[in-house]
Each structure stands twice: as C-alpha cells, then as structure tokens.
Amino acid sequence: GIGGALARTGERVQFIAREQRLEALRAGLHWQTPDLDEVLVIPASAELPGTPHSDDVLCIATKLHDAEAALTALPDAWRDVPVVCWTNGTQAPRWANNAHRAVLACAVNVPASIESPNVARLWGVPHYGAMHVGVLHGDGGAVETRLVHALARAGFDAYRHDDVLPLLHAKWMTNLM
C-alpha cells in the first residue's frame with residue numbers, strides 16, 4: 001500500500017521481496033482504494049542494486065520476524081543509506097541502529113488490508129491514514145522532511161515527531177488487543 005501510494009506520485013520505488021511475494025509483485029501490484037482500482041507495475045527484485053543512488057532511502061516494511069534478517073543481509077554499500085522502519089513495535093529500529101548512519105521510524109495508522117501478496121486495499125477517505133515519522137538516530141532530518149512531504153503528496157496525513165518511540169509503542173500495543 002505505502003510503496004504503491006508513493007510510486008503513484010512519481011517517487012522512485014523498488015520492491016525487494018522473496019519467493020511468492022516477488023513473483024506476485026512482478027505481475028503488478030493491484031492497488032485498491034474506495035476511489036481507485038488499478039494495477040501498478042513497480043520494479044521488484046530479490047536483491048538491492050549494487051550501488052545506491054545518492055538520494056536513496058531504504059524502507060524496511062516487513063513483518064518484524066523478518067526485519068532483523070533483512071537488515072543484517074544488506075550489502076556494505078547500503079550501510080550509509082538512511083533507513084526507515086515501517087514495522088510494528090520498537091525492535092526493528094534498534095536493530096537498524098547497529099549498522100546505519102541514520103535511522104527513522106514511522107508509526108503507521110492506516111486502515112488497510114493485504115488481500116494477497118500483490119493486492120493492497122486502503123480504506124481511508126479522503127486520506128488513506130496517518131503516518132508519524134521521526135528520526136531515532138543520526139542525521140536524518142532532511143530525509144524526515146522529504147518523506148513527510150512525499151507521504152502527504154501520496155494521500156496520507158503525515159506528521160514529523162521529535163519523539164516517535166511512544167507512538168510506535170502505542171501502535172504496537174493496539175495491535176495486541
């Protein structure tokens with residue numbers, strides 16, 4: 001959902017996935033909202049490109065149990081790229097702190113469902129939901145500003161926070177109810 005929304009605004013997005021999800025994404029992301037039903041073709045690969053672009057931002061949007069492996073498997077060239085954790089809870093950003101120069105986190109409050117590996121439904125109208133972004137480690141202020149603006153252009157209510165950890169924790173706790 002988030003990658004599709006960003007891609008629709010012209011942001012350069014590439015999905016990194018494995019096995020069944022990779023095959024499904026290569027067939028096209030079926031992106032649905034109350035107003036839209038379209039298939040987006042977004043590049044998908046099993047590996048990151050060898051050399052990052054100077055403006056790349058790495059977004060970790062996996063299930064938490066896959067986040068540590070994803071972060072530790074990154075090629076050395078990607079260690080200097082700012083990373084944004086879109087995972088529930090506060091553990092993934094802690095893992096990212098160990099290897100990245102700038103770590104941001106986003107508390108995602110979006111009424112959505114993933115119907116299958118390549119079908120994302122976002123239910124919010126007129127905005128898809130709220131994104132709360134904050135820098136946790138390093139010099140990520142420019143990335144934070146760019147990301148908040150990109151999310152707003154993509155149709156989310158997007159906010160920057162000096163201390164996003166309480167929001168991450170609260171979101172995680174609501175998932176446990």
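Since we're looking at a predicted model, the values are computed, not measured. As a basis for the values below, the full set of heavy atoms in this structure was taken, side chains included, without hydrogen atoms, waters or symmetry mates.
- Remark: His65 NE2 to Thr87 OG1 distance equals 12.0 Å, nearest 0.5 Å.
- When all heavy atoms of Leu29 and Gly4 are compared, the closest pair comes out as CD2-CA, 3.8 Å.
- Taking every heavy atom of both residues into account, Val110 and Tyr128 meet most closely at CG1-O, 3.3 Å.
- Note that CG of Asn98 and CD of Glu68 are 9.0 Å apart. Values are rounded to the nearest 0.5 Å.
- Using a 4.5 Å cut-off on side-chain heavy atoms (C-beta onward), Arg12 and Asp56 make contact.
- Using a 4.5 Å heavy-atom cutoff, the side chains of Trp31 and Leu122 are in contact.
- The environment of Asp163 atom CG is dense: over 12 non-hydrogen atoms of other residues, nucleotides or ligands sit within 6.0 angstrom.
- When the side chains of ILVMFWY residues are joined at heavy-atom separations under 4.5 Å, either directly or via intervening members, Ile16 and Leu58 end up in a single hydrophobic cluster.
- With hydrogens and angles ignored, the 3.5 Å screen pairs no side-chain donor or acceptor of Arg160 with any backbone N or O of Val135.
- Side chains of Arg21 and Phe15 form no contact here, defined as non-hydrogen atoms less than 4.5 Å apart.
- Within the 4.5 Å cutoff, side-chain heavy atoms of Leu6 are placed close to those of Leu151.
- With rounding to the nearest 0.5 Å, the separation of CG in Leu22 from CZ in Arg26 is 4.0 Å.
- Looking only at side-chain heavy atoms (C-beta outward), Arg8 and Glu38 come within less than 4.5 Å of each other.
- Taken together through direct or relayed side-chain contacts under 4.5 Å among Ile, Leu, Val, Met, Phe, Trp and Tyr, Leu71 and Val103 form part of one hydrophobic cluster.
- A donor-acceptor pair under 3.5 Å links the side-chain atoms of Arg146 to the main chain of Asp55, judged by distance alone.
- Under the 4.5 Å side-chain contact rule for hydrophobic residues, Trp78 and Trp86 do not share a cluster.
- More than 12 heavy-atom neighbours from other residues, nucleotides or ligands sit within 6.0 angstrom of CG on Asp37.
- For Ala44 against Leu25, the heavy-atom pair with the smallest separation is CB-CB, 4.0 Å.
- Looking only at side-chain heavy atoms (C-beta outward), Glu11 and Arg153 come within less than 4.5 Å of each other.
- Here Trp123 contributes atom CH2 and Gln32 contributes atom CD; the two are 7.0 Å apart, rounded to the nearest 0.5 Å.
- Counting heavy-atom neighbours within 6.0 Å of Gln20 CD, excluding the residue itself, gives a total of 12 or less.
- Between the Arg101 side chain and the Asp80 main chain, a donor and an acceptor come within less than 3.5 Å of each other.
- Separating the CG atom in Asn118 from the CG atom in Leu40 is a distance of 11.0 Å, to the nearest 0.5 Å.
- There is a path of hydrophobic side-chain contacts, each under 4.5 Å, that joins Val13 to Leu104.
- Between Trp95 and Thr72 there is no side-chain heavy-atom pair separated by less than 4.5 Å.
- Interatomic distance, SG of Cys85 versus CD of Gln91, reported as 10.0 Å (0.5 Å rounding).
- When every heavy atom of Ala77 is checked against every heavy atom of Pro52, the shortest pair comes out as O-CG, 3.4 Å.
- A donor-acceptor pair is defined here as one N or O able to donate and one able to accept, closer than 3.5 Å; such a pair exists between the side chain of Ser45 and the backbone of Glu47.
- When all heavy atoms of Cys106 and Val133 are compared, the pair lying nearest together is SG-CG2, 3.9 Å.
- Note on Leu74 and Val81: same hydrophobic cluster, where clusters join Ile, Leu, Val, Met, Phe, Trp and Tyr whose side-chain heavy atoms are under 4.5 Å apart, directly or indirectly.
- Residues Glu144 and Gly134 share a closest heavy-atom pair of OE2-CA, 3.3 Å.
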Q.
For Val108 and Ile2: C-alpha separation, side-chain torsions, deciding distance, then whether side-chain contact (heavy atoms from CB on, under 4.5 Å) applies.
A. CA-CA 10 Å; Val108 178; Ile2 298 166; 4.2 Å; yes
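- Looking at Thr33 and Arg121, their side chains never come closer than 4.5 Å, going by heavy atoms from C-beta outward.
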